Each structure stands twice: as structure tokens, then as C-alpha cells.
Visitor: 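Input: one structure, supplied below.
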Amino acid sequence: MVCIRKATIDDLLQMQACNLFCLPENYQMKYYFYHILSWPQLLYVAEDYNGKIVGYVLAKMEEESSTAECHGHITSLAVLRTHRKLGLATKLMTAAQNAMELVFGADHVALHVRKSNRAAFNLYTETLGYKIHDVEAKYYADGEDAYDMRKQLMGKRDRIHNHGHSHSHHHHHHGGGCCSGEVKSSEVKAESTTGSA
């Protein structure tokens with residue numbers, strides 16, 4: 001049995017080990033710390049019954065300076081080969097996307113995927129509903145191109161519109177910008193009590 005849960009600082013070494021084992025795109029430990037200290041709501045792990053991390057998603061928020069629109073970005077997603085075909089990647093991605101929307105009011109989620117990675121491409125397009133936004137030439141260190149992919153979320157405005165007046169008075173009272181995280185604790189509480197979270 002594998003459970004999906006929010007990552008903690010204690011998981012970072014195992015997340016890094018999983019990344020090194022699965023992917024050619026590797027990061028220094030300080031980059032994992034940067035993510036978990038900045039956006040602790042967006043990091044999730046898949047943990048097996050022995051307490052071993054068998055998958056993770058590393059994600060962050062970004063703000064468009066031109067439009068002030070807030071969007072999520074999937075930095076890295078990996079599942080050990082021994083635990084593939086169990087739907088873990090879908091569950092990890094869904095957990096991160098939901099948090100982007102509920103906690104930060106994200107307009108959309110973006111990610112990059114190697115053009116040659118058909119398995120990941122199929123997961124993103126067929127299972128998770130991402131669409132190709134652009135192609136970034138030589139995005140990866142080895143010179144391979146990447147698909148820049150996007151998935152539209154409801155975002156802040158649509159959620160306020162769809163849920164009526166209950167949230168509208170929250171959305172401009174913070175000082176830290178939409179990606180600061182302390183924004184929506186009252187909204188998340190309100191939504192979790194209604195069962196939509």
C-alpha cells in the first residue's frame with residue numbers, strides 16, 4: 001500500500017535520492033529546501049508501507065510581472081520504476097494542482113517535458129489534460145527540446161464568481177503578492193468545511 005501525503009523537510013533527502021535514480025535533471029539540496037520553505041503546500045510524496053519515498057512532486061508558484069497572474073509550475077515529478085502503473089504520478093500531480101488552486105488561486109499550471117519522453121507526455125495530455133503551449137528549443141542540458149505544457153485551472157476570479165460572495169472579501173487583503181502563501185488560509189478553511197477541498 002502506498003500513501004500520498006504532504007512532504008516534510010525530513011523527506012527531502014529521500015526525494016533527492018528518488019530524483020537521482022529516476023531522472024537526468026538533478027538538483028542540489030538547497031533547491032529542494034527553497035521549494036519546501038517557499039511553498040510547503042505544494043510538495044507531495046508517495047510513501048510505501050516501509051516508510052520509503054517511492055515518488056514525489058516538486059512544485060512552485062510563479063507570478064507574471066506583466067499580468068500579475070499567478071500560476072503554478074511543476075519543477076519535477078518522479079516515481080520509482082518498481083512502483084509505476086499504480087496511478088501514483090496522477091495522484092501526486094492532482095494533489096499539487098489542487099493546492100495551487102485552493103491555496104494560491106493559480107490561473108494555470110505549467111511544466112516542461114522532453115519531446116522524447118512519450119510516457120510522461122501521454123500522462124500529461126491524456127490523463128491530466130495538459131496542452132502544448134510552446135516548444136522550447138534546447139531546453140535541457142543535453143540539447144533536447146522541451147514541450148512547454150499548460151493546464152488551465154479555475155483560478156481566483158472564477159472561484160470567487162462560482163462560489164458566490166463568501167470568498168470575495170478575502171482576495172485583496174494580503175501584502176505578499178499572490179504567490180506568498182499566507183493569502184488564503186481563511187478560504188481554504190471555508191472550502192474544506194463545505195467538502196469541496
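Values in this document were obtained by computation on a predicted structure and should not be read as measured data.
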Visitor: Going from OH on Y27 to CG on L20, what distance comes out if it is rounded to the nearest 0.5 angstrom?
Guide: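 These two atoms lie 11.0 Å from each other.
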Visitor: Which atoms form the tightest heavy-atom contact between A59 and L43, and what is the distance?
Guide: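 Residues A59 and L43, closest heavy atoms: O-CD1, 3.8 Å.
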Visitor: If only atom types and distance count, is the side chain of K91 paired as donor or acceptor with the main-chain N or O of I4 below 3.5 Å?
Guide: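 Answer holds: no.
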Visitor: In the structure I gave you, are the side-chain heavy atoms of L80 and K52 within less than 4.5 Å of one another anywhere?
Guide: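 Yes, their side chains come closer than 4.5 Å.
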Visitor: Does a donor on one side chain and an acceptor on the other come within less than 3.5 Å for H108 and Q152?
Guide: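 There is no such pair between these side chains.
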Visitor: Which residues pass the salt bridge (Lys or Arg N to Asp or Glu O under 4.0 Å) test with D142, not counting sequence neighbours?
Guide: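 Salt bridge (Lys or Arg N to Asp or Glu O under 4.0 Å) check on D142 returns R114.
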Visitor: Looking at K138, is its backbone amide N or carbonyl O close enough to the side chain of D145 to form a donor-acceptor pair, meaning the two atoms are under 3.5 Å apart?
Guide: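 Yes.
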Visitor: Compare all side-chain heavy atoms of W39 with those of T75 and state whether any distance is below 4.5 angstrom.
Guide: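 In short, these two side chains do not touch, never coming nearer than 4.5 Å.
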Visitor: Please give me the minimum heavy-atom distance between M154 and E101, naming the atom from each residue.
Guide: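 Result for this residue pair: N-OE2, 2.8 Å.
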Visitor: Going by heavy atoms in the side chains, are Y124 and M93 under 4.5 Å from each other?
Guide: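 A side-chain contact under 4.5 Å exists here.
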Visitor: For the NE2 atom of H73 and the CE atom of M61, what is their distance to the nearest 0.5 Å?
Guide: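 Rounded to the nearest 0.5 Å, the NE2-CE separation comes to 11.5 Å.
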Visitor: Which label fits Y147 and F121: parallel for a plane angle under 30°, tilted from 30 to 60°, or perpendicular past 60°?
Guide: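 Plane angle between 30° and 60°, so tilted.
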Visitor: Does some side-chain heavy atom of R150 sit less than 4.5 Å from a side-chain heavy atom of D148?
Guide: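 With C-beta onward as the side chain, the pair touches.
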Visitor: Using 30° and 60° as the class limits, which term best fits the ring planes of H35 and Y31: parallel, tilted or perpendicular?
Guide: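 Because their plane-to-plane angle is over 60°, the rings of H35 and Y31 count as perpendicular.
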Visitor: L23 and A78: which non-hydrogen atoms are nearest, and at how many Å?
Guide: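 For L23 and A78, the tightest heavy-atom pair comes out as CD1-CB, 4.0 Å.
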Visitor: Could you tell me whether the side chain of T82 reaches within less than 4.5 Å of the side chain of V54, counting heavy atoms only?
Guide: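 No - every pair of side-chain heavy atoms lies 4.5 Å or more apart.
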Visitor: Any side-chain heavy atom of V79 sitting closer than 4.5 Å to one from L92?
Guide: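 Yes, at least one pair of side-chain atoms sits under 4.5 Å.
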Visitor: Show the nearest heavy-atom pair for residues L123 and A89, with the distance to one decimal.
Guide: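 Residues L123 and A89, closest heavy atoms: CD2-CB, 3.8 Å.
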Visitor: Test your reading of the model: is there a side-chain donor-acceptor pair from E144 to the backbone of S116, 3.5 Å cut-off?
Guide: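 Yes, E144 side chain to S116 backbone: donor-acceptor pair under 3.5 Å.
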Visitor: Ignoring hydrogens, what is the shortest heavy-atom contact between A99 and Q41? Give both atom names and the distance.
Guide: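 For A99 and Q41, the tightest heavy-atom pair comes out as CB-O, 3.4 Å.
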Visitor: So, do S76 and E25 sit near enough that their side-chain heavy atoms are less than 4.5 Å apart?
Guide: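 In short, these two side chains do not touch, never coming nearer than 4.5 Å.
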Visitor: Run the salt bridge (Lys or Arg N to Asp or Glu O under 4.0 Å) test against R5 and tell me which residues pass, sequence neighbours left out.
Guide: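 With neighbours one apart ignored, the set is D11, E47.
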Visitor: For the CG atom of D10 and the CD1 atom of I53, what is their distance to the nearest 0.5 Å?
Guide: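 Reported value, rounded in 0.5 Å steps: 10.0 Å.
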Visitor: In Å, rounded to the nearest 0.5 Å, how long is the span from CE of M15 to CE of M29?
Guide: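 Going from CE on M15 over to CE on M29, the span is 9.0 Å.
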Visitor: Do the rings of H112 and Y139 sit parallel, tilted or perpendicular, given the 30° and 60° boundaries?
Guide: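 The rings of H112 and Y139 lie parallel, inter-plane angle below 30°.
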Visitor: Looking only at non-hydrogen atoms, find the nearest pair between A7 and I36 and report the distance.
Guide: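 Smallest heavy-atom distance, with atoms named: O-CD1, 3.8 Å.
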